[in-house]
K.L.:
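Structure incoming, see below.
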Amino acid sequence: MICSMRTRSIRRSVRSGSIKLKQTYEHLMENGDIGAMNRVSATRARPHDLDIKLLQAKRQQAEMRRTQREDDLRENHPFFDTPLFAVPRESTFRRICQRAVYARYDARLKDPLTGKERKVQYKRLHNFLGLVTYLDWVMICVTTLSCLSMMFETPKYRIMDSPALQVTEYCFVFGMSVELALKILADGLFFTPKAYMKDVASILEMFIYVVSLSFLCWMPQSVPPASGAQLLMILRCVRPLRIFILVPHMRKVVDELCRGFKEILLVSTLLIVLMFVFASYGVQMFGGRLARCNDPTILRREDCVGVFMRRVFVTKMRLHPGENESYPSMLVPRVWANPRRFNFDNIGDAMLALFEVLSFKGWLDVRDVLIKQLGPVYAIYIHIYIFLGCMIGLTLFVGVVIANYSENKGTALLTVDQRRWCDLKKRLKIAQPLHLPPRPDGRKFRAFIYDITQALSFKRLIAITVIINSSLLCVSWRETNPATDYLATVSAGLTCIFLVEVIMKNIAFTPRGYWQSRRNRYDLLVSVLGVVWIMIYFSMQNDLAYTVGYMVVILRFFTITGKHATLKMLMLTVGVSVCKSFFIIFGMFLLVFFYALAGTILFGTVKYGEGIGRRANFESPATGVAMLFRIVTGEDWNKIMHDCMVSPPYCTPADNYWETDCGNFKASLIYFCSFYVIITYIVLNLLVAIIMENFSLFYSNEEDALLSYADIRNFQNTWNIVDIHQRGVIPVKRVKFILRLLKGRLEVDPQKDRLLFKHMCYELERLHNGEDVTFHDVLNMLSYRSVDIRKALQLEELLAREEFEYIIEEEVAKQTIRTWLEGCLKKIRASNKQQSSLIDGLRATNEVLPLPDHHVIEDKSKESSLDRDSETEHKDFEVTRHRSKKSVNLPRSDSVGSGSGRKYLAPTLSDPAARPDKDSQRSKKRNNRTQGSTKNNSLPHVTENAEPLKWQKDTTTLPKVSSMTTEVHDWWHEQLTYSNHSSEDEL
């Protein structure tokens, strides 16, 4: 019967379902025969089902082949999986190293006795601790401390002259040496299944280690500019990027970027070709024609010689104007030169100028110079380049980066239903219980206050009050301003209104119910701060009181976001975007930190210019980070780049990089261009992609969503009714109440969908082994049951879900069969009791029976034959019951009800082959009983202690009476034994 239910098992869902290919799936799991799938009838299979099972079978076969190859290599090759060809494969030392490398915190925290997962607080913290191994956590801490020590390195405070900075350097090199030794001894360096040098990340780690070890051994005291020692110090700045390798999520971000490098390179090539075309045209048109003399009166290059008097308008020198002069003047040599930051004299300078224009920086200077030197018609050149390169080419680059991110993440390759399912999962993850206590119907006053606080007009009144309170900040609050007192007094009155709101909600919800909501906690905090400010204001009335006052008003303004659905949705969008882009933002910070360390070594002593000054420089890593964040916004990055390109005779060279104020042309070009492309064009566009994805999540059409916000709100209200303690968890037994109260798309009718109702309840019972379930547990289960999983889920998730639902259906079917069998056994026991009561009645009549005549003796012979048949039947029953007890001891796959109920799974009466004979025997028995009862109501019977009677007329019947007595006696003992066994099994 179980097999027939497996072949006919149907996955039922609220919206739609699908027939599962159990036989095909089991055949593939057991035999791995892909060709057998072609033999499955078309009536039981569909094309997409065959593809899913085919892919699963191929994956299993690939894993089996790989495992078989590894086993063959281990048997036939003695050096296979032998680290460094010296450490034995199964040595104790290697096992110790492997334990040290792979030991990590167990975030599941299972009970050692029961094996169940413990429920702990701060589960996210436990998952965070189990993110990486203990060894990686140690190296993350060591690397972070080393990077913090590198922040204190400046051209004036160098590591070569500071023992304190050298200590952290030694600690990092020593820690990384131990780490690499453990990993290599545990898994090998090359040519092993888990070799250390197997990808780019391990190569980068080895590079960082070699550079750090070389620098620590060398520790140069003299570092000339543009030398090998300076290059080694710059390569040492790559150390912060090791965090990318140690943290799995950041490593995933880098992998996604690198996977799309091909498309980004193609678009970059297109832009480079466009720049080359326009640069070639610019060289031919403007090469050598943009230079001019710094003396405005000289127009030809031949005349630009000597000196001239130039007026100085802004200077810190002590200059005084001469006679009849408004501004001081000074002698300046005449120089014939190009514009300061661009020219078209060669293809390199032309492409650099166009690259700066591509970032919308400096193109107005180029346009003005072209108009002044050559004429207005030449300005068309730069305008066409702006349109093609910036508005089309750069937008294409941004689109490719965003699309590449979507494809690498997998969202671009999903179907419409799969995208809707992904959006639904994100919505459900954000959804939280309402934490709104139920209406106190038994308390009239509290119920009255409750209705007031939940009224829409009351909420709007509070929102308008918040807006009025925030509008008071339009005027500055100063002690010298006479209007400040009136504004502060009005703000104090509005704060009293907010305090009344808090008191009313505490009365309506009770303090415990009010504290459950985070929004209420924030309102209470701001109200308490407002009361403190009122006390400070009326006692002091100075600038400090006003400062505290407008800070409270600013904090109060954020409470309005929870009072409107659209504002709340915007805040959720911002919060979700920040959370999802955390690792991208952190990765961008690491890149900025790496560039700041390198910039301090390259341009830490560059002289001030147009872009570099007192507040914008690379004198230390901290100021370098501030400078680079300014470049991220695109603020005059080209001016800073040209200031770092300064070279003699405009600067003073020296023997060491910390003694000169010159820059480096090539290093500045590579440094700033690479930073601007990576950060501005790639990383920032990834943030744009994440924000766009979240906006599409919150502002998608409700009709296209699998579950609308109204459905989720309906579930929140239903959960709020059942979760009376507002803890976010409920017992499994209360899930039935939630399922009965739900309406809309999540509605389940227990009468019409009884089997689905059982499946849903058992799924939640199985989830935490019958313990309490959370808000998201029930909501996720309903979401799976409300969609067609074959259309909405991806392959891996679909296979796991189908297997899980198949197990649930199997267990529910076993429970149903077990319940049915127990009912059958109860009926059997009841019928046995009726038979025993009938025999007792016959025994009672036998005690007063007179000597029978010939007809009575014939009836007795019939009764004896009937009793023999009954004895044979119960002997068969005992044999079958004994077999069923033996068969129950076999191991089974079910996990529910594995105790006493399993012993009754195979009774004799449930055997289909034995039913016809037993039915015929029972019919004969009933007929004989009816005939006997009609012939003679005083049928003789023998009691257990009665002696055999000596019949006067026919002594041949005496042995029959004696045998009948013995048979009844044996049958009675068998019934007693059966009853005792049954009671023991039930216990």
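Throughout, numbering of the chain's residues begins at 1 and tracks the sequence.
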K.L.:
Do any N or O atoms from the side chain of T660 and from the backbone of T652 form a donor-acceptor pair under 3.5 angstrom?
P.N.:
yes
K.L.:
Does D349 use its side chain to pair, donor to acceptor, with the backbone of D345 at less than 3.5 Å?
P.N.:
no
K.L.:
To the nearest 0.5 Å, how far apart are CD1 in I245 and CG in L204?
P.N.:
4.0 Å
K.L.:
Heavy atoms, side chains only, cut-off 4.5 Å: are I384 and I380 in contact?
P.N.:
yes
K.L.:
Are the charged groups of K252 and D255 less than 4.0 angstrom apart, N to O?
P.N.:
no
K.L.:
Do the rings of Y671 and Y595 sit parallel, tilted or perpendicular, given the 30° and 60° boundaries?
P.N.:
perpendicular
K.L.:
What's the shortest heavy-atom distance between M250 and F244, and which atoms?
P.N.:
CE-CE2, 3.6 Å
K.L.:
Can R239 be said to sit on top of F172's aromatic six-ring, NZ or CZ under 6.0 Å from centre and within 45° of the ring axis?
P.N.:
yes
K.L.:
Report the distance from atom NE2 of H642 to atom CG of N638, rounding to the nearest 0.5 Å.
P.N.:
6.0 Å
K.L.:
With a 4.5 Å limit on heavy-atom distance, are the side chains of F665 and S647 in contact?
P.N.:
no
K.L.:
Is the closest basic N to carboxylate O distance between R236 and E153 below 4.0 Å?
P.N.:
yes
K.L.:
Whether the side chain of S581 engages the backbone of I584 through a donor-acceptor N/O pair (distance < 3.5 Å, no angle test) should be reported.
P.N.:
no
K.L.:
List the steps and the verdict of salt bridge (charged side-chain N to carboxylate O under 4.0 Å, His left out) for R340 and D643.
P.N.:
CA-CA 10 Å; R340 177 177 173 79; D643 286 344; 3.3 Å; yes
K.L.:
Starting from the C-alpha separation in whole Å, work towards a yes-or-no answer on side-chain hydrogen bond (donor to acceptor under 3.5 Å, both in side chains) for S222 and N656.
P.N.:
CA-CA 6 Å; S222 176; N656 295 304; 3.0 Å; yes
K.L.:
Salt bridge (charged side-chain N to carboxylate O under 4.0 Å, His left out) for K361 and D636? Distances and angles first, verdict last.
P.N.:
CA-CA 7 Å; K361 299 299 177 184; D636 293 336; 5.5 Å; no
K.L.:
Without swapping roles, check the side chain of T605 against the backbone of W658 for a donor-acceptor pair under 3.5 Å.
P.N.:
no
K.L.:
For A229 versus W218, what's the shortest heavy-atom pair and its separation?
P.N.:
CB-CH2, 3.7 Å
K.L.:
With side chains defined as the heavy atoms from C-beta onward, is the minimum distance between N343 and L290 less than 4.5 Å?
P.N.:
no
K.L.:
Between M151 and F593, is there a side-chain heavy-atom distance shorter than 4.5 Å?
P.N.:
yes
K.L.:
Atom SG of C651 and atom NZ of K607: how far apart are they, to the nearest 0.5 Å?
P.N.:
7.0 Å
K.L.:
Could you give the distance from OG1 (T600) to CG (N617), rounded to the nearest 0.5 Å?
P.N.:
9.0 Å
K.L.:
If you look at every heavy atom in L358 and Y681, which pair is closest and at what distance?
P.N.:
O-OH, 3.7 Å
K.L.:
Is there side-chain contact between F672 and I631, with heavy atoms separated by less than 4.5 Å?
P.N.:
yes
K.L.:
Can you tell me how far OG1 of T415 sits from CZ of R420, rounded to the nearest 0.5 angstrom?
P.N.:
9.5 Å
K.L.:
Would you confirm whether S359, through its side chain, and E356, through its main-chain N or O, come within 3.5 Å as a donor-acceptor pair?
P.N.:
yes
K.L.:
Among R310, R301, R334, which residue satisfies the salt bridge (Lys or Arg N to Asp or Glu O under 4.0 Å) criterion with D295?
P.N.:
R334
K.L.:
Could you tell me which non-hydrogen atom of A596 sits nearest to which non-hydrogen atom of P621, and how far apart they are?
P.N.:
CB-O, 3.8 Å
K.L.:
Mind listing the closest non-hydrogen atom pair of A350 and V283 along with its distance?
P.N.:
CB-CG2, 3.9 Å
K.L.:
What heavy-atom pair brings A353 and F342 nearest, and what distance separates the two atoms?
P.N.:
CB-CB, 3.8 Å
K.L.:
Should I601 and Y657 be marked as a side-chain contact (heavy atoms from CB on, under 4.5 Å) after you check the CA-CA gap, both sets of side-chain angles, and the distance that decides it?
P.N.:
CA-CA 8 Å; I601 298 173; Y657 79 92; 4.3 Å; yes
K.L.:
Going by the ring pair (Phe, Tyr, Trp, His ring centres under 6.0 Å) test, name the single residue among Y378, F286, F278 that passes it with F344.
P.N.:
F286
K.L.:
How about F152: does its CZ atom have over 12 heavy atoms from other parts shown lying under 6.0 Å from it?
P.N.:
no
K.L.:
Taking the side chain from S227 and the backbone from P224, do they hold a donor-acceptor pair closer than 3.5 Å?
P.N.:
yes
K.L.:
Salt bridge (charged side-chain N to carboxylate O under 4.0 Å, His left out) between E179 and R242: does it pass, once the steps are laid out?
P.N.:
CA-CA 13 Å; E179 178 197 13; R242 189 166 187 261; 2.4 Å; yes
K.L.:
Is a donor on one side and an acceptor on the other found under 3.5 Å between the side chain of T154 and the backbone of S620?
P.N.:
no
K.L.:
Evaluate the side-chain proximity of I386 to W363: yes if any heavy-atom separation is below 4.5 Å, no if none is.
P.N.:
yes
K.L.:
Any side-chain heavy atom of T623 sitting closer than 4.5 Å to one from F618?
P.N.:
no
K.L.:
Under a 4.5 Å cut-off applied to non-hydrogen side-chain atoms, are F583 and V247 in contact?
P.N.:
yes
K.L.:
If you draw the axis of the six-membered ring of W637, does the NZ or CZ of R630 fall within 45° of it and under 6.0 Å from the ring centre?
P.N.:
no
K.L.:
Check whether Q230 reaches the backbone of A226 with its side chain - one donor and one acceptor, N or O, closer than 3.5 Å.
P.N.:
yes
K.L.:
Could you check whether D199 pairs with R251 (Lys NZ or Arg NE/NH1/NH2 to Asp/Glu carboxylate O, under 4.0 Å)?
P.N.:
yes
K.L.:
Out of curiosity, L591 CG to L241 CG, how far, rounded to the nearest 0.5 Å?
P.N.:
6.0 Å
